[in-house]
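Reviewing the structure listed below.
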Amino acid sequence: MAELEGLEFGKSDFVLLDEVTMEQFMENLKLRFEKARIYTFIGEVVVSVNPYRHLDIYGKEVIEDYRGRELYENPPHLYAVADAAYKAMKRRAKDTCIVISGESGAGKTEASKYIMQYIAAITNPSQRAEVESVKNVLLKSNCVLEAFGNAKTNRNDNSSRFGKYMDINFNFNGDPTGGHINNYLLEKSRVAQQQEGERNFHSFYQVLRGGSDGLLKSLYLQRDPAEYAYTSQGASITLASNNDSLCHKAVMAALKVIGFTTEEISSIYKILSTILHLGNLQFTSDGEHVVLVGEDTVKHISELTSTEPENTRKALLYRTVATGGGEVIEKGHSEQEASYGRDAFAKALYERLFAWIVGRINSVIQVMDYNPALHGKNTVIGVLDIYGFEIFDNNSFEQFCINYCNEKLQQLFIELILRQEQDEYQREGITWQNIEYFNNQIIVDLVEQPHKGIISVLDEACLTAGKVTDTVCLDSMNKKLGQHPHYTSRKVSTHKSYHSFLYSVEGFLDKNKDPLFQDFKRLMYNSSDPVLKEMWPDGKMSITEVTKRPLTAATLFKNSIIALVDKLACKEPYYVRCIKPNEVKSPLLFDDGRCQHQVAYLGLLENVHVRRAGFAYRQPYARFLQRYKMTCEYTWPNHLMSSDQEAVEAIVNQHGFEDDVAYGHTKLFVRTPRTLFTLEQERAALIPILVLFLQKVWRGALARMRCRKIRAIYTIMAYYKCYKVKAHFWEVERRFTNVRNMADYGKSVEWPTPPAALVQFHRITQHLYRRWWARQLIKNIPPSDMAEVRAKVAALSALSGERVDWGYSRAWERDYLTNVSFSLGYSFRTLTLHKLKNKDQYSQVLFSCSVRMLNWFNNTKDRALLITDKHIYRLEPKKHFKVQKRISLDSVVGVSVTSGSDQMVALHTASQDDFLVHLQRGQLNPNQDRVGELVGSLTDYFTRSYIGELVHKILVVAKLFNQLVSG
């Protein structure tokens with residue numbers, strides 16, 4: 001870090017000063033301010049000086065420079081401490097907080113905004129919509145809270161007049177999932193009265209100067225703030241840094257982004273206008289009674305608060321009191337009481353409005369349905385932006401509470417940074433030279449100690465019956481606390497003046513009691529505006545109900561600050577200490593005396609002493625070893641030494657850091673951040689290698705597990721297949737055991753569905769069964785019928801699917817010419833047949849029948865067709881069956897028939913001397929089909945004679961032949 005900035009800019013870390021003296025500290029702080037280096041480290045603490053000008057050291061490029069970097073890698077910056085808090089939260093799953101402290105006008109609010117912007121910029125890289133929504137609400141809430149909680153003071157144009165602590169919740173990925181805002185001690189007295197040169201809260205001026213004409217008309221407001229008593233003092237004051245009109249538009253947009261409804265936004269501005277109208281109410285006395293001046297204003301207030309005008313008027317002029325006997329009476333106010341009640345009502349309205357706005361924002365950003373078991377650990381970064389020390393010309397009750405809060409936070413700083421650190425060194429046995437510092441616990445006790453502190457004296461005075469004035473209360477303090485070394489008052493000291501002890505006690509008791517007439521509470525609770533009704537739940541009680549006396553304002557504030565400190569103490573703190581360089585808001589002036597005073601009471605010099613003499617980093621041996629053991633060969637993956645301390649020493653010695661560390665009883669202490677940075681760098685370089693190694697091992701384990709599973713699966717599958725095969729065989733056996741004794745030989749038995757592995761085998765088995773079944777049938781057929789059966793089977797194989805009817809259902813004669821009943825009147829004598837047989841030496845007649853032939857002249861003639869196992873003959877019946885044509889059966893290369901019911905047959909020869917005939921059906925059976933008989937006889941003959949050559953010789957081209965015949 002020191003190498004990134006030249007010596008001309010001074011030392012970037014006060015720990016690097018040659019001598020730790022106030023003179024050198026202030027000299028370095030002034031030099032860096034003049035060189036526009038407004039941030040300086042004290043170890044992990046950032047000292048910030050308000051530059052009173054815009055510096056180009058923010059934005060996306062600068063954010064990228066600091067993202068994921070160690071605290072000491074870049075020049076000092078708010079981004080560095082924000083990133084350190086974020087990394088600590090994400091790396092170690094530990095809640096962290098960033099405490100921003102300093103005087104009013106030192107730049108605390110701006111610092112908190114830059115920290116919030118940085119956290120928003122580095123989170124949610126995947127741009128998940130729900131996370132972006134949470135980030136937008138968290139950022140926009142600043143705009144709204146500044147408008148309603150900030151005001152222009154003599155020291156600061158945008159002074160926070162309330163304390164704000166925001167918890168930001170993160171999931172295990174480091175993305176914001178929600179948050180919660182706590183507000184502390186809103187300076188509500190500013191609503192009714194401001195010091196000279198100051199303004200009321202920004203919200204009033206923004207609505208008057210930025211609201212549309214229609215909005216102002218609906219609220220019965222005029223645009224000039226000078227028209228209203230509560231804003232008239234600041235009406236002429238303009239802010240160089242803020243434009244009220246533009247800010248109003250930004251606030252309206254922010255309210256909508258956060259999720260406020262139109263009705264809720266309307267109620268907010270109605271309440272603001274109600275407060276302005278209340279300030280203009282005047283009271284006068286007609287002798288006995290107090291009356292209101294200007295009834296129209298009362299009507300406007302009633303309309304804006306959704307109440308009855310008469311009830312509003314009575315609440316302003318009367319007070320309802322319950323007597324001891326339960327009787328309720330109305331007691332009229334004096335002019336002074338009525339004015340006091342009006343102002344108290346206005347302040348309470350604004351205070352409850354502000355608290356409601358904070359609660360409404362919390363309802364939007366709170367983490368919903370978060371289950372650590374499902375979503376991982378929910379970690380938190382807290383950001384505290386709270387008012388700084390205030391010392392005005394006239395310091396009142398508010399300054400007392402604000403300065404008590406700062407003393408309490410300073411005590412936390414002392415406790416965590418100074419005392420606890422030194423105590424830890426002593427507890428761990430680290431050689432240490434004790435650093436002297438002022439412990440302000442005695443100041444805190446002076447304020448909050450029970451029964452003895454200032455707050456207890458105030459509360460006692462408020463509870464005392466009778467007329468107890470601020471002066472009487474001061475006398476009581478002098479009596480009880482006069483001997484305290486850090487208490488003084490004008491009366492106790494030699495000074496003549498009487499009424500202050502740094503603070504003017506005037507109004508202390510009233511502000512501590514914080515009284516508000518119950519009539520106003522009931523009036524608001526009975527409003528028909530649901531927002532107003534929600535703000536005043538205590539108005540539900542009847543006047544006759546006895547209620548416990550409420551806690552005083554100081555006690556409530558003390559309790560809330562104690563709870564805040566407890567909440568901060570359980571987190572790992574990071575500090576931003578803000579310093580105001582001058583009182584005139586000049587970017588050039590550095591007031592040495594003013595700055596030295598702030599450095600002194602912030603304890604920065606003591607912080608430098610402790611950090612310089614101490615150690616930047618400490619960690620229990622087990623946790624240090626767990627994080628860095630991979631950087632040493634003797635400790636990875638597990639060490640074999642007698643203790644974790646010895647293993648840590650091995651890591652330190654291997655890297656040569658012996659002179660930069662100290663060994664405690666339970667922890668290792670590292671003096672300089674660079675040692676830690678070196679270890680982190682080496683660890684970061686090794687992590688990818690280890691991740692790859694672990695991935696390789698795990699992938700191997702997964703592969704082996706997968707292999708074992710696959711082997712088991714295949715074993716199970718093999719056994720299951722074996723079982724399914726056997727089961728199938730058993731089932732087939734069971735079903736077909738008695739088929740030999742069945743009438744149909746088991747044809748009606750349904751086959752079981754085979755497993756996938758036996759599908760082919762199943763088809764073969766079925767084929768074998770069908771052959772067996774056919775054989776069983778054939779065995780019963782007489783030998784004389786076998787020729788016909790063979791012919792029909794042959795015809796089936798040739799014509800199946802080609803012809804619908806081919807005569808398979810009738811008995812086949814085959815030799816129709818020798819049968820007189822089929823000869824169509826012509827006698828085919830056996831003598832003729834014998835002559836042909838003796839001449840051509842054929843063995844058998846395959847087929848014969850009468851046919852009709854068509855010649856080239858389209859004339860038909862009756863002829864006879866005789867097919868033997870040697871020749872095919874065309875005979876003329878009218879000439880005693882004279883042979884007209886003879887062709888060798890061996891020359892036949894194919895037979896063509898049609899797919900219809902006609903009897904056309906073409907016998908194709910090798911010499912292309914084809915026979916085209918029409919088979920005659922016979923006189924007895926005119927519908928008899930003989931085509932199948934002819935085809936079957938030829939197919940059977942060729943199959944039997946030439947072992948299957950018929951498949952190559954018989955071509956069924958039914959469609960082509962149909963076209964030929966039809967053509």
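The figures here come from the full heavy-atom set of this structure, side chains too, leaving out hydrogens, waters and symmetry mates.
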(message) How long is the straight-line distance from CG of Asn171 back to OG1 of Thr123, given to the nearest 0.5 Å?
(response) 9.5 Å
(request) To the nearest 0.5 Å, tell me how far Arg852 CZ sits from Asp862 CG. (result) 4.0 Å
(request) Apply side-chain hydrogen bond (donor to acceptor under 3.5 Å, both in side chains) to the pair Gln928 and Arg930, showing each step before the final yes or no. (result) CA-CA 6 Å; Gln928 192 178 66; Arg930 295 181 179 177; 3.0 Å; yes
(message) More than 12 heavy atoms of other residues, nucleotides or ligands under 6.0 Å from CZ of Arg886: yes or no?
(response) yes
(message) Against the six-membered ring of Phe915, is Lys885 placed for a cation-pi contact (under 6.0 Å from the centre, within 45° of the normal)?
(response) yes
(request) Ignoring hydrogens and angles, state whether a donor on the side chain of Asn169 or His180 is under 3.5 Å from an acceptor on the partner side chain. (result) no
(message) Distance check, rounded to the nearest 0.5 Å: Leu875 atom CG versus Leu866 atom CG?
(response) 5.5 Å
(message) Please determine whether a side-chain nitrogen of the Lys or Arg among Asp840 and Lys870 lies less than 4.0 Å from a carboxylate oxygen of the Asp or Glu.
(response) no
(request) Answer yes or no: is there an ion pair linking Glu731 with Lys726, defined by an N-O contact shorter than 4.0 Å? (result) no
(message) Is a donor from one side chain sitting under 3.5 angstrom from an acceptor on the other, for Ser748 and Asp744?
(response) yes
(request) Keeping to residues at least two apart or across chains, list the ring-ring contact (aromatic ring centres under 6.0 Å, His included) pairs with something in residues 782-808. (result) Trp806-Tyr808
(request) Look at atom NZ of Lys87 and say whether more than 12 heavy atoms of other residues, nucleotides or ligands are closer to it than 6.0 Å. (result) yes
(message) Can you confirm whether more than 12 heavy atoms, excluding those of Gln695, are under 6.0 Å from its CD atom?
(response) yes
(message) Are Val917 and Arg863 packed together at the side-chain level, in the sense that at least one heavy-atom pair is separated by less than 4.5 angstrom?
(response) no
(message) Measuring from atom CZ of Arg627 to atom CE of Met630, what distance do you get when rounded to the nearest 0.5 angstrom?
(response) 8.0 Å
(message) Whether Lys135 and Asp175 form a salt bridge (side-chain N of Lys/Arg under 4.0 Å from carboxylate O of Asp/Glu) is what I want to check.
(response) no
(message) Assess whether a salt bridge exists between Glu788 and Lys792, defined as any Lys/Arg side-chain N lying under 4.0 Å from an Asp/Glu carboxylate O.
(response) yes
(message) Salt bridge check, Glu264 against Arg360: does any charged N sit closer than 4.0 Å to a carboxylate O?
(response) yes
(request) Starting from the C-alpha separation in whole Å, work towards a yes-or-no answer on side-chain hydrogen bond (donor to acceptor under 3.5 Å, both in side chains) for Gln760 and Arg763. (result) CA-CA 5 Å; Gln760 182 66 21; Arg763 284 198 292 266; 2.4 Å; yes
(request) Before accepting this row, confirm whether a basic side-chain N of the pair Glu130/Arg128 lies closer than 4.0 Å to the acidic partner's carboxylate O. (result) yes
(message) If I take atom CD1 from residue Ile710 and atom OG1 from residue Thr715, how far apart are they, to the nearest 0.5 angstrom?
(response) 11.5 Å
(request) Check whether any side-chain heavy atom of Trp751 lies under 4.5 Å from a side-chain heavy atom of Phe736, and answer yes or no. (result) yes
(message) Rounded at 0.5 Å granularity, tell me how far CG in Leu907 sits from CD1 in Ile872.
(response) 5.0 Å
(message) Using ring centroids (six-membered ring only for Trp), state whether Phe761 and Phe729 fall under 6.0 Å.
(response) yes
